Amino acid sequence: MNETMSSPFGSPPILPPAPQGRVTFSGHRPDFRRLVIRGTALELVTVGFYRFWLATDMRRHLWSNTAVDGDAAEYTGTAKELLIGFLFALAILAPIYLAYFLIGLEAERLKAFASIPLGLFFYLFAQFAIYRARRYRLTRTVWRGVRFWMTGSGWSYAWRAGLWGLLSLLTLGIAVPWAKAALERYKMRHTAYGSLQGRFEATGWGLFKQVWWLWLLVWPSFFILIPLPFIYGALKAIEWRWWVSGIRMGDVSFESGLTSGALIGLYWKVIGWSVLLMVILSAWFGGVFAIALAAVGGGESSQQKAVLAFQQLPTLIALGVGYVVVALAAGVIIRIYLARDVWQRVAESVTVHDLAAADDVAAQGNLVSALGEGFADSLDVVGF
């Protein structure tokens with residue numbers, strides 16, 4: 001007897017698999033490298049102001065080369081927005097720094113403790129800036145002609161981050177997975193793609209189960225420095241996989257197949273290049289100092305000659321130029337390995353499930369200013 005005869009209703013129907021979409025990245029590494037090197041050179045010429053154009057070009061490269069089911073994303077932000085946002089943020093933050101300086105002069109006996117409230121304030125303000133910067137970037141991200149958007153209060157996020165940060169400190173980092181989950185839930189429930197509401201379903205316990213062994217390895221690593229890149233690289237890969245797999249946009253879900261060792265090599269490359277740059281900088285300083293000593297001539301003691309050499313304006317300029325060039329070169333390395341390469345590896349590990357739920361999405365949400373991005377840039381907490 002066949003299966004149909006064995007059942008009065010015949011064989012059950014074979015349902016098609018749920019629609020899935022792969023995330024692909026088509027950007028070429030040499031193109032990104034040239035973009036970053038050119039932008040960094042222009043940063044040097046413009047005393048850092050070209051970074052707004054460089055950040056915009058980098059985002060456009062990454063966004064436009066990242067496609068879901070063949071449809072690429074689009075970044076619509078402009079460098080002018082970032083520059084204006086930074087200037088407004090600087091105008092707001094400058095009086096705060098000035099007020100703190102004046103208060104410190106009037107309260108010399110409290111000077112040792114005056115930095116504590118300022119540090120706490122700027123920590124909370126940095127969290128506020130991070131939230132508002134993400135809100136700006138989402139409203140400048142378009143896919144299939146529909147824009148992402150975000151609501152919520154940056155200050156509500158900031159005090160949550162402050163309390164979770166305190167708990168994480170008191171528990172020696174054990175509470176960090178729960179902190180990340182709670183903060184991501186707040187961000188995602190205020191995030192939407194058109195009319196498709198976002199949410200975050202991963203849990204702190206789910207992350208803790210994957211990283212507890214790395215937490216145990218961190219403490220001996222303070223005495224044995226070599227394993228740190230392995231530990232940190234594995235930790236970041238697990239966090240990325242956990243984060244991607246927890247995102248939901250309506251009925252659309254995401255899954256990441258990123259392995260725990262996928263990012264370790266990138267961190268080792270950054271360390272290797274950093275060591276090489278330090279060697280080059282040391283050689284430059286040594287060469288400049290040797291030339292300066294030779295120019296001073298004889299007649300003085302070695303200590304006096306050293307002091308005179310460092311007082312020469314050409315010596316100070318040469319040392320400063322060497323430091324700036326090496327610092328910019330380090331920025332190039334970080335942008336290539338820890339921005340572009342991490343982006344590619346994470347993106348290519350993602351599978352999107354039930355993508356058909358995003359087919360009929362109505363455009364919603366409003367654009368927001370780049371002030372939050374400006375705050376993040378002025379506090380050096382800007383990201384992607």
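Throughout, residue positions are numbered sequentially from 1 according to the sequence presented. These figures come from a predicted structure and were not determined experimentally.
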Check: Just wondering, more than 12 heavy atoms not from F49 lying within 6.0 Å of its CZ?
Finding: no
Checklist line | Neighbour count above 12 (heavy atom, 6.0 Å) for W273 CH2 | finding: no
Check: How long is the gap from CZ on F88 to CG on L371, to the nearest 0.5 Å?
Finding: 8.0 Å
Margin query: Tell me if the aromatic rings of W212 and W215 count as close, with their centers under 6.0 Å from one another.
Written below: no
Margin query: Just so I know, are the side chains of V252 and V352 near enough to count as touching, which here means a heavy-atom distance under 4.5 Å?
Written below: yes
Note to self: Between Y131 and F128 (judged by ring centroids, cut-off 6.0 Å), do the two rings come close enough to count as a pair?
What the structure shows: no
Notebook entry, point to check: Measuring from L235:CG to Y232:OH, what's the distance to the nearest 0.5 Å?
Noted result: 7.0 Å
Next item on the list: Could you walk me through whether F254 and M249 pass the side chain to side chain contact (heavy atoms under 4.5 Å, CB included) test, one step at a time?
Entry: CA-CA 9 Å; F254 301 81; M249 299 300 299; 4.2 Å; yes
Next item on the list: Would you list the pairs meeting salt bridge (charged side-chain N to carboxylate O under 4.0 Å, His left out) in which at least one residue belongs to residues 33-42, sequence neighbours left out?
Entry: D31-R34
Checklist line | Closest non-hydrogen atom pair between W164 and A182, with its separation | finding: NE1-CB, 3.4 Å
Margin query: Side chains of F208 and T203, heavy atoms from C-beta outward: is any pair under 4.5 Å?
Written below: no
Check: If you measure only the distance, is there a donor-acceptor pair under 3.5 Å linking the side chains of T351 and R22?
Finding: yes
Check: Hey, is the main chain of T76 close enough, under 3.5 Å, to the side chain of R59 for a donor-acceptor pair?
Finding: no
Item checked: Common cluster, L82/L87, ILVMFWY with side-chain heavy-atom separation under 4.5 Å -> yes
Note to self: Can you list everything that forms a salt bridge (Lys or Arg N to Asp or Glu O under 4.0 Å) with D341? Sequence neighbours excluded, please.
What the structure shows: R29
Next item on the list: Cation-pi check, R51 to F86: give yes when NZ or CZ is under 6.0 Å from the six-membered ring centre and within 45° of the ring axis, no otherwise.
Entry: yes
Notebook entry, point to check: Any chance CG of N366 has more than 12 other-residue heavy atoms, nucleotides or ligands included, within less than 6.0 Å?
Noted result: no
Margin query: side chain to side chain contact (heavy atoms under 4.5 Å, CB included) for K187 and M150? Distances and angles first, verdict last.
Written below: CA-CA 8 Å; K187 288 184 284 190; M150 190 176 183; 4.0 Å; yes
Note to self: If hydrophobic clusters are built from ILVMFWY residues whose side chains come within less than 4.5 Å, do F289 and I280 share one?
What the structure shows: yes
Item checked: Atom pair CG (L277) and CD1 (I333), whose distance is rounded to the nearest 0.5 Å -> 4.5 Å
Check: Under a 4.5 Å cut-off applied to non-hydrogen side-chain atoms, are K209 and W242 in contact?
Finding: no
Note to self: Let me confirm one number: the CD1-CZ distance from I92 to F125, rounded to the nearest 0.5 Å.
What the structure shows: 6.5 Å
Note to self: Are M278 and L276 linked, directly or through intermediate hydrophobic residues, by side-chain heavy-atom contacts shorter than 4.5 Å (ILVMFWY only)?
What the structure shows: no
Next item on the list: Indicate, with yes or no, if W178 and W213 share a hydrophobic cluster defined by side-chain heavy-atom contacts under 4.5 Å among Ile, Leu, Val, Met, Phe, Trp and Tyr.
Entry: yes
Next item on the list: Would you please name every residue forming a salt bridge (Lys or Arg N to Asp or Glu O under 4.0 Å) with E201, sequence neighbours left out?
Entry: R199, R248
Checklist line | Results of side chain to side chain contact (heavy atoms under 4.5 Å, CB included) for V332 - residues two or more places apart only | finding: V36, I37, T40, I336
Margin query: Between S156 and R160, is there a side-chain heavy-atom distance shorter than 4.5 Å?
Written below: yes
Notebook entry, point to check: So, do L207 and I238 sit near enough that their side-chain heavy atoms are less than 4.5 Å apart?
Noted result: yes
Note to self: Take a 6.0 Å sphere around CZ of F121 and say whether it holds more than 12 heavy atoms from other residues, nucleotides or ligands.
What the structure shows: yes
Notebook entry, point to check: Considering only heavy atoms from C-beta outward, does the side chain of Y267 approach that of F230 to under 4.5 Å?
Noted result: no
Next item on the list: Look only at the side chain of W149 and the backbone of T191, and say whether a donor-acceptor pair between them is shorter than 3.5 Å.
Entry: no
Next item on the list: May I ask you to check whether over 12 heavy atoms, not counting those of D71, lie within 6.0 Å of atom CG?
Entry: yes
Check: Out of curiosity, does I174 fall in the hydrophobic cluster containing L170 (side-chain heavy atoms, cut-off under 4.5 Å, transitive links)?
Finding: no
Notebook entry, point to check: Strictly by modelled atom types, are S245 and S256 linked by a side-chain donor-acceptor pair under 3.5 Å?
Noted result: no
Next item on the list: Taking the side chain as every heavy atom from C-beta outward, state whether W159 and Q127 have any atom pair closer than 4.5 Å.
Entry: no
Note to self: Does atom CH2 (W240) have a neighbourhood of more than 12 heavy atoms from anything else shown, all under 6.0 Å?
What the structure shows: no
Note to self: Other members of the hydrophobic cluster containing L124, with the 4.5 Å side-chain heavy-atom rule, please.
What the structure shows: Y123
Item checked: Over all atoms of both residues, closest heavy-atom pair of W143 and L355 -> CH2-CD1, 3.9 Å
Notebook entry, point to check: Hey, what do you get for CG (L258) to CZ (R345), rounding to the nearest 0.5 Å?
Noted result: 9.0 Å
Notebook entry, point to check: Looking at CG of D251 and NE2 of H353, how far apart are the two atoms once the value is rounded to the nearest 0.5 Å?
Noted result: 13.5 Å
Item checked: Heavy-atom closest contact (L93 atom, F122 atom, distance) -> CD2-CE2, 4.1 Å
Next item on the list: Indicate whether the side chain of E184 and that of W243 have a donor and an acceptor atom separated by less than 3.5 Å.
Entry: yes
Next item on the list: Write down the atom of A175, the atom of T171, and the distance for their closest heavy-atom approach.
Entry: N-OG1, 3.2 Å
Check: Do you know the tightest heavy-atom contact between G39 and Y50?
Finding: O-CD2, 3.5 Å
Next item on the list: Evaluate the criterion side chain to side chain contact (heavy atoms under 4.5 Å, CB included) for residue pair K236 and V346; output intermediate values, then yes/no.
Entry: CA-CA 11 Å; K236 296 306 295 183; V346 173; over 6 Å; no
Check: Can you check whether V342 reaches L266 side chain to side chain, under 4.5 Å on heavy atoms?
Finding: yes
Next item on the list: Enumerate the residue pairs fulfilling salt bridge (charged side-chain N to carboxylate O under 4.0 Å, His left out) with a member in residues 75-98, sequence neighbours excluded, ordered by first and then second residue.
Entry: E81-R140
Next item on the list: May I ask you to decide if the ring planes of H190 and Y186 are parallel, tilted or perpendicular, using 30° and 60° as cut-offs?
Entry: tilted
Notebook entry, point to check: What orientation do Y136 and Y75 show, parallel under 30°, tilted 30 to 60°, or perpendicular over 60°?
Noted result: perpendicular
Notebook entry, point to check: Given the side-chain rings of W63 and W343, with only the six-membered ring counted for Trp, is the space between their centroids under 6.0 Å?
Noted result: yes
Next item on the list: Begin from the C-alpha positions of L54 and L42 and carry the test side chain to side chain contact (heavy atoms under 4.5 Å, CB included) through to its verdict.
Entry: CA-CA 9 Å; L54 176 57; L42 290 173; over 6 Å; no
Check: Which heavy-atom pair separates A237 from T259 by the least distance, and what is that distance?
Finding: CB-O, 3.4 Å
